[in-house]
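Below, all heavy atoms of this structure are taken into account, side chains as well, without hydrogens, waters or symmetry copies. So you know, we letter chains A, B, ... as the sequences are listed, proteins then strands, and number each from 1.
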Number of protein chains: 2
Amino acid sequence: MEKQLRMTHQREVILSELGKCHTHPTADELYERVKKKLPRISLATVYRNLEILSEAGLIRKLEVSGRQKRFDWDLRQHDHIYCVHCHRVDNIDLKGKKRLSLPARESKGYEVSGCRIEFFGLCPGCRKIQQKTRKGEEKMGCKTCGTGLSDKQREVLEALAKCKDACGSKDIAAATSLEPKQVSCQITALKKKGYVASPARCKYEITSEGKAALS
Amino acid sequence: MEKQLRMTHQREVILSELGKCHTHPTADELYERVKKKLPRISLATVYRNLEILSEAGLIRKLEVSGRQKRFDWDLRQHDHIYCVHCHRVDNIDLKGKKRLSLPARESKGYEVSGCRIEFFGLCPGCRKIQQKTRKGEEKMGCKTCGTGLSDKQREVLEALAKCKDACGSKDIAAATSLEPKQVSCQITALKKKGYVASPARCKYEITSEGKAALS
DNA sequence: AAGGTACATGGTAACTATTATTATGTCAAT
DNA sequence: ATTGACATAATAATAGTTACCATGTACCTT
C-alpha cells in the first residue's frame, strides 16, 4: 500500500535542472528553464512535481520570505540569506557551531521540531544599482504600480502634455470629455505615480516621467 | 511636505483590535474582528491601513512562514515560533544573549541588515489533536481540497451511496449518465478526498466521510 | 499477453491573498 | 465657500498556486 513514485522523463529533467541551479529557483523560474528542454511541459506539471518530490524527500521546499515558494536541491542543513530588493536567495553556512536550541520552559508548550535562520540585506548586484540611483528608489522597487496607465489617466495626461504652462483641473476638464471631479481623481493617481507634479497649489504639470509614460 | 497621517475612526479600531490580539493576526483575521465593531468597513481598508501603519512605524509587518502576511503590535525586538499545522504564531524571547551576527567574510558580498530567527513545531492545541487522530492527519491538514464536490463527483458519489455492496466502475457508469472512463477519473479524485474506499481490487464503496459530504 | 487500475501529464478553470481603480466622503487651509 | 489632501467602500484586476478532468503510459494480476 506504499505510495509509489514513478520517475518520468519530465521529473528527471526537473530534478536535473534544479540540481544545476545554485539559485533556489521559484516554480516558474524553473519552468522557464525546463521548457527549453521540454517545450510542451505544463506549468502545472512543474508545480505538481516540485510538491511531490519535496514530499518524497528528494528535494527541499524552502520556507523563505517573499511571496513565492522556492526549492532547493541541496538537502544538507544550511541557512539562507536573501536580498530585500531583488529577492535572490543564497546559502549561508553557520558551521554548526551556532545552532540554536530552545529551552523547554521557553517553548510556550510547543513541540519544537526545528529552527530557521535567515539573514537579509542587499545582494552585491543590488548594492551597485542602489549607489547609482539615489533618487527614485521607491519607484524602482514597486512591482506593478507606477507602470501602465488606465484610459482615463492617459486622457488626462495627454491633455496636460499639450499645455505649455501649469494649469488647473478645470482647464483639463474642458480639454477632455471628463468631468472636473473625475479629473482631480485621476490627477491624484498620476501624482502618486510621479507622472504629474504640482508646482503651485491647484496648478499641475506633466513630468518627464509622465512624458516617457505616454510613448 | 511631510506626509500627514490622519487618525480616522477605522484606523483607531484597527490599531486597538491589533493591540488586543496576542496572536499576530493576518489581514483577514483582523478584518473579521474589526467588522464586529464597524460592520461596513471594507477589507481593502484593512489591508491599506495595515500597510500604512507599518510604514509609519506604528505596527510591525512580520515576515514569517506561510502564505499570508501577519502583523504585530509589539514593536520590541523578539522572535517567533509557529505551528506547522494550524499556522498560529507566538512570541519567543531569546533574551538577547543569543543574537546572531554574520562575519563579513561569510556574507557572500551582501550588505547584511538583519537576521530573523524562527522556531517551528506543533502548538499545544495541535499536539492534542494529533494524538487523537493518528490516522487521517494528512487529510486534516489540507486547506481546500477534501471539502466540496464537483457536479460529476457528486453524481458518482450518489450512485455509490445507493449500492448496498461494493461495486465496480462499470456498474456506476450504468447507474449514471457518465461514461466508464469519466467514472474512474472521478473515483480517483474521490478516493483522494477519502470519500470512497476500495475494499477489494476494482470494487468501491462510499465511506462515512463520503456520506457526510453528500448532505 | 490481456485487461484493468494506478499514476502522470497538459491545458485550463478556479481559487486565495493582495493590490489597484475609482466614485465618493470628510476635513483643514486658504 | 472652494479647493485639494487624504480616506473610504466597493469592486475589478493581478500574481501565484492548485484543482479539475480528459487523456496517456507503466505496472500488476490473472
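Contact check, K35(A) against dG10(C): no side-chain N or O comes under 4.0 Å of OP1 or OP2. Using a 4.0 Å cut-off, no side-chain N or O of Y204(A) falls inside it from OP1 or OP2 of dT3(D). The shortest distance between the side-chain N/O atoms of R11(B) and the OP1/OP2 oxygens of dT8(D) is below 4.0 Å. In this model, the phosphate group of dA19(D) is not approached by any side-chain N or O of Q153(B) to a distance below 4.0 Å at OP1 or OP2. Side-chain nitrogen and oxygen atoms of Y47(B) include at least one within less than 4.0 Å of the OP1 or OP2 phosphate oxygen of dT18(C). Side-chain nitrogen and oxygen atoms of K191(B) include none within less than 4.0 Å of the OP1 or OP2 phosphate oxygen of dT5(C).
With dT17(D), dC27(C), dT18(C) as the candidates, the nucleotide lying closest to the side chain of R6(B) is dC27(C).
Checked against side chain to side chain contact (heavy atoms under 4.5 Å, CB included), E111(A) has the following partners two or more places apart in sequence or in another chain: L122(B), R127(B). Remark: Y110(B) pairs with D90(A) by the side chain to side chain donor-acceptor pair (under 3.5 Å) rule, at least two apart or across chains. In this structure, K69(A) has no salt bridge (charged side-chain N to carboxylate O under 4.0 Å, His left out) partners at least two apart in sequence or on a different chain. Checked against side chain to side chain contact (heavy atoms under 4.5 Å, CB included), E12(B) has the following partners two or more places apart in sequence or in another chain: M7(B), H9(B).
Atom CD1 in I52(A) sits roughly 16 Å away from atom P in dA6(C) (whole-Å rounding). In this entry the distance linking CD of Q10(B) with C1' of dT24(C) reads 14 Å, nearest Å. Counting to the nearest Å, the C1' atom of dA19(D) and the CD atom of Q186(B) are 12 Å from each other. We find that CD of Q68(A) is positioned 5 Å from P of dT17(D), with the value rounded to whole Å. The distance from atom NZ of K203(B) to atom P of dG4(C) is 12 Å, rounded to the nearest whole Å. What separates NZ of K152(B) from P of dA19(D) is a distance of 19 Å, to the nearest Å. Regarding E155(A), its CD atom lies at a distance of 12 Å from the P atom of dT22(C), rounded to whole Å. Between the P atom of dT17(D) and the CG atom of L30(A) lies a distance of 12 Å, rounded to the nearest Å.
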Under 3.5 Å, which protein N or O atoms sit close to an N or O of nucleotides 11-14 of chain C? Give each pair with its distance.
unit_1  : atom_1 : unit_2 : atom_2 : d
dG11(C) : OP1    : R40(A) : NH2    : 3.2
dG11(C) : N7     : S42(A) : OG     : 3.3

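Comparing H9(B) and A189(B) along DNA chain D, the residue whose closest nucleotide (by nearest heavy atom) sits nearer the 5' end is H9(B). Checking T8(A) against T26(B), the closest nucleotide of DNA chain C that is more toward the 5' end is the one next to T8(A).
E17(A) has a carboxylate O that lies under 4.0 Å from a charged side-chain N of K20(A), or vice versa, which qualifies the two as a salt bridge.
In this structure the side chain of R60(B) reaches within 4.5 angstrom of the side chain of L62(B), judged on heavy atoms.
For R116(B) and S65(A), the side-chain atoms include at least one donor-acceptor pair closer than 3.5 Å.
Sequence neighbours left out, the pairs with a member in residues 12-38 of chain B that pass ring-ring contact (aromatic ring centres under 6.0 Å, His included) are H24(B)-H80(B).
If you check every strand for non-hydrogen atoms under 4.0 Å, N49(B) touches sugar and phosphate atoms only.
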